[in-house]
Amino acid sequence: MLKKLMIITLALSVLLLAAAAFIGPEQFEQWFSNTQTREAPANSDSEWCIMMEEKPNKEWREEEFQRFAKECLE
């Protein structure tokens, strides 16, 4: 039982390290925060718009595309 628990813990650690290698700190923090991208209202100069401009397009979700087009593009 203890051996299985140690193997599971090791596997989770490896997954976490692999995720940290491929995911930026901002995205990692966003996953673990309780805030949603829809919460804060944004205007064309908002921090959210700037953050999204720096985020690779492959990592955008559909809601983010729509919000960016609505709030950040004029």
Test of understanding: with side-chain hydrogen bond (donor to acceptor under 3.5 Å, both in side chains), list the residues that count as partners of E54, not counting sequence neighbours.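 Residues passing side-chain hydrogen bond (donor to acceptor under 3.5 Å, both in side chains) with E54: none at all.
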Show me the donor-acceptor pairs, under 3.5 Å and distance only, between side chains in residues 1-18 and residues at least two apart or in other chains.
{"residue": "T9", "atom": "OG1", "partner": "L5", "partner atom": "O", "Å": "2.8"}
{"residue": "S13", "atom": "OG", "partner": "T9", "partner atom": "O", "Å": "2.9"}

R61 to E64 - nearest heavy-atom pair and separation: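 The answer is N-OE1, 2.8 Å.
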What's the shortest heavy-atom distance between M52 and F68, and which atoms? CB-CD1, 3.9 Å
What's the spacing between K70 NZ and Q66 CD if we round to 0.5 Å?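 Separation between the atoms: 9.5 Å.
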